[in-house]
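Following: one structure in structure tokens, then a few remarks.
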Amino acid sequence: MRLSEYFLPTLKEDPAEAQIVSHRLMLRAGLVRQASAGIYSWLPMGLRVLRKVEQIVREEQDRAGAQELLMPTIQSAELWQESGRYDGYGKEMLRIIDRHDREMLYGPTNEELITDIFRQTIRSYKDLSKILYHIQWKFRDEVRPRFGVMRGREFLMKDAYSFDVDYEGARNSYNRMFVSYLRTFARMGLQAIPMQADTGPIGGDLSHEFIILADTGESEVFCHKDYLEFDALSEETDYRSDLSPVVDKWTSLYAATDEKHDPEKAAELGDKLISARGIEVGHIFYFGTKYSKAMGATVTGADGEELVPEMGSYGIGVSRLVGAIIEAYHDEDGIVWPDDVAPFTVGVINLRTGDQDCDAACESTVSKLEAAGIDVLYDDRDERAGAKFATMDLIGLPWQIIIGPRGLKNGLVELKRRSTGEREELSAESALSKLIR
RNA sequence: CGGGGUGUAGCGCAGCCUGGUAGCGCAUCUGCUUUGGGAGCAGAGGGCCGGGAGUUCAAAUCUCUCCACCCCGACCA
């Protein structure tokens with residue numbers, strides 16, 4: 001992609017409305033534009049990142065045995081009346097009246113809808129267990145949206161729902177999602193720490209929030225230092241095996257949000273205790289038969305008796321993650337994308353657009369990278385070197401290949417790693433061979 | 001939902017107190033010079049001063065009202 005043709009409206013100055021760093025950078029780097037309070041348009045580069053994040057989530061859901069479907073954004077109020085949440089959900093639910101005066105709503109979550117699908121179709125215990133998920137826009141009419149996409153009213157969320165014949169099965173589904181979340185966030189370069197969360201009226205220990213540490217996190221969290229050393233990707237996961245050892249390992253150390261914080265227990269950790277701010281990027285919980293019972297979603301059990309399935313639900317804030325990743329990966333010059341979510345892998349900077357040698361060297365480099373299947377953004381604009389450096393650092397592509405007349409005289413280009421700032425001068429061929437594996 | 005604040009060019013802001021021809025920086029366009037970390041000079045374009053109603057000879061400025069957005073808190077993926 002040529003930058004001269006790309007739709008990338010960057011800003012040199014900080015927009016006044018953005019307070020936290022991820023919001024500022026998302027606006028400055030031309031990823032999003034606010035449409036109204038808590039509602040954003042995703043511009044081409046932002047959309048690329050969103051899609052990458054979404055795809056990682058999808059792959060890890062699939063790997064864990066969940067199956068993707070797609071439910072609508074607009075739902076009928078009837079289902080919610082059935083579950084009893086229509087009145088209970090309050091003003092956060094955006095309610096809509098259609099032309100026939102029917103009450104509709106923009107879905108804030110999908111337990112009712114998935115339960116409805118389930119009860120229409122699943123008849124036998126033999127069809128369980130099932131985990132179904134979708135990645136869809138949600139709307140929650142927050143009183144006070146803020147922090148850009150981190151706490152918008154409209155947001156993209158992956159929500160999965162599990163159905164099992166008994167508690168043991170539900171626990172197994174829970175564990176699958178638990179482990180898949182560890183892998184999902186790790187692939188994005190995030191160290192997410194599972195923290196025990198409020199389980200509401202159900203009780204038990206089957207609810208966890210996945211928190212990443214960041215200075216601008218919205219809540220205070222406490223955890224054992226050793227969590228930072230845990231590596232979710234170090235071993236291959238077999239989702240058909242018993243996952244409880246993995247879950248046990250990740251829940252063995254102290255980790256709590258401020259509402260679950262126990263100062264006495266935390267004090268035992270001594271200097272191993274970390275007190276920090278955290279961003280919630282995922283939340284999983286088991287809720288038993290709450291919806292299946294209320295909505296009459298039953299199957300026939302092995303003994304011929306009617307059986308009420310045990311359910312759980314599992315959310316990941318996909319659009320929020322884009323902001324969260326920036327919170328974790330930026331410096332004073334801009335965003336520093338982790339490799340796996342970067343909108344482009346390499347940025348090629350032509351320091352002298354119009355110079356025959358520079359143009360030729362750049363174009364040859366770009367086309368070789370593209371031929372190798374690497375996403376390249378080529379800055380061919382007629383701008384000064386400084387402006388190009390600044391733009392490239394701002395948008396945070398993991399690699400930069402800098403090509404100018406000075407180096408070309410000696411047959412050299414420059415390869416820069418955005419995350420470390422490390423640069424080396426080398427031939428175009430060796431630069432390419434470092435990027436093309 | 002309580003408290004506070006801001007709306008003036010695409011972005012960042014001044015002007016408002018004390019009413020009198022709407023300004024600055026960046027960005028945009030043109031020309032020349034420049035060319036390895038957001039260039040210099042010269043010129044140009046761009047505004048229902050958030051909307052409505054009032055006061056006044058005269059309103060960006062004063063009054064009332066509505067709207068939008070932001071911040072702090074309570075709440076939340």
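The analysis underlying the following values was restricted to heavy atoms, covering all of them including side chains, and did not include hydrogens, waters or symmetry mates. In the text below, chain A, chain B and the rest are named by the order of the sequence lines, each starting its count at 1.
Distance A:R153 CZ to B:A68 C1': 11 Å, rounded to the nearest Å. Rounded to whole Å, atom P of B:G38 lies 13 Å from atom CG of A:L351. Taking atom CZ on A:F287 and atom P on B:A77, their separation rounds to 14 Å, with Å as the unit. Here B:C1 presents its C1' atom at 13 Å from CD of A:E142, a figure rounded to the nearest Å. The distance from atom CZ of A:R146 to atom P of B:C69 is 15 Å, rounded to the nearest whole Å. The CD atom of A:E209 sits 13 Å away from the P atom of B:C75 (whole-angstrom rounding).
A side-chain donor from one of A:Q55 and A:R58 sits under 3.5 Å from a side-chain acceptor of the other. In summary, the side chains of A:E111 and A:S83 do not present any donor paired with an acceptor at a separation below 3.5 Å, with no hydrogens or angles considered. Defined by atom type and a distance below 3.5 Å, a donor-acceptor pair is missing between the side-chain atoms of A:T289 and A:S292.
The base of B:G3 has none of its N or O atoms less than 3.5 Å from a complementary donor or acceptor on the side chain of A:R144.
Nucleotides B:G73 and B:G15 are separated by 34 Å at their C1' atoms, to the nearest Å. Look at the P atom in both B:G47 and B:U55: the space between them is 30 Å, to the nearest Å. Look at the P atom in both B:G46 and B:G3: the space between them is 44 Å, to the nearest Å. Atom name P, nucleotides B:U61 and B:A53: the rounded distance is 14 Å, in whole Å. Taking atom C1' in both B:C1 and B:U18, one finds a spacing of 39 Å when rounded to whole Å.
Using N1 to N3 plus N6-O4 or O6-N4 for Watson-Crick, or N1-O2 and O6-N3 for G-U wobble, each under 3.5 Å, B:U55 pairs with nothing. With both pairing distances under 3.5 Å, B:G38 is matched to nothing as a Watson-Crick or G-U wobble pair. Base pairing of B:A74 is not made with any nucleotide, judged by Watson-Crick or G-U wobble geometry with both donor-acceptor distances under 3.5 Å. When both distances must be under 3.5 Å, the Watson-Crick or G-U wobble mate of B:C29 is B:G43. Base-pair partner of B:C48: not found among the strands shown (Watson-Crick or G-U wobble, both distances under 3.5 Å). Summarising the base pairing, B:G19 is matched to no nucleotide, lacking a Watson-Crick or G-U wobble pair whose two defining distances lie under 3.5 Å. Within the shown strands, nothing qualifies as a pairing partner of B:A14 under the Watson-Crick or G-U definition with both distances less than 3.5 Å.
A cation-pi contact links A:R417 to A:W399, judged by a cut-off of 6.0 Å to the six-membered ring centre and 45° from its axis. Judged by the 6.0 Å and 45° rule, A:R48 forms a cation-pi pair with A:F344. Judged by the 6.0 Å distance and 45° axis criteria, A:R95 is not positioned over the aromatic ring of A:Y89.
Distance from the side chain of A:A16 is smallest to B:G12 among B:G12, B:C71, B:C76. You'll find that the side chain of A:T391 is closest to B:G38, out of B:G38, B:C76, B:G73. For A:Q19, whose side chain is taken as the heavy atoms from C-beta onward, the closest listed nucleotide among B:G38, B:C71, B:C69 is B:C71. Closest to the side chain of A:R352, from the set B:A77, B:U35, B:C70, is B:U35. Closest approach to the A:A390 side chain among B:G12, B:C75, B:G38 is made by B:G38 (side chain taken as heavy atoms from C-beta onward). In the set B:C71, B:G36, B:G12, B:G12 carries the atom at the smallest distance from any side-chain atom of A:E17.
Ring orientation note: the planes of A:W137 and A:W42 are tilted relative to one another, at an angle of 30° to 60°.
In this structure, A:F118 has its ring center no closer than 6.0 Å to that of A:Y291. When ring centroids are compared, A:Y181 and A:F178 stay outside the 6.0 Å threshold.
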Identify all pairs in which a protein N or O lies below 3.5 Å from an N or O of nucleotides 25-27 of chain B, and state each distance.
unit_1: B:G25; atom_1: N2; unit_2: A:E13; atom_2: OE1; d: 2.9
unit_1: B:C26; atom_1: O3'; unit_2: A:K12; atom_2: NZ; d: 3.4
unit_1: B:A27; atom_1: OP1; unit_2: A:K12; atom_2: NZ; d: 3.3

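At the phosphate of B:C1, OP1 or OP2 sits under 4.0 Å from a side-chain N or O atom of A:K91. Checking the phosphate oxygens (OP1, OP2) of B:A39, a side-chain nitrogen or oxygen of A:R384 falls inside 4.0 Å. When the side-chain nitrogen and oxygen atoms of A:Q34 are compared with OP1 and OP2 of B:C70, one or more of them lie within a distance under 4.0 Å.
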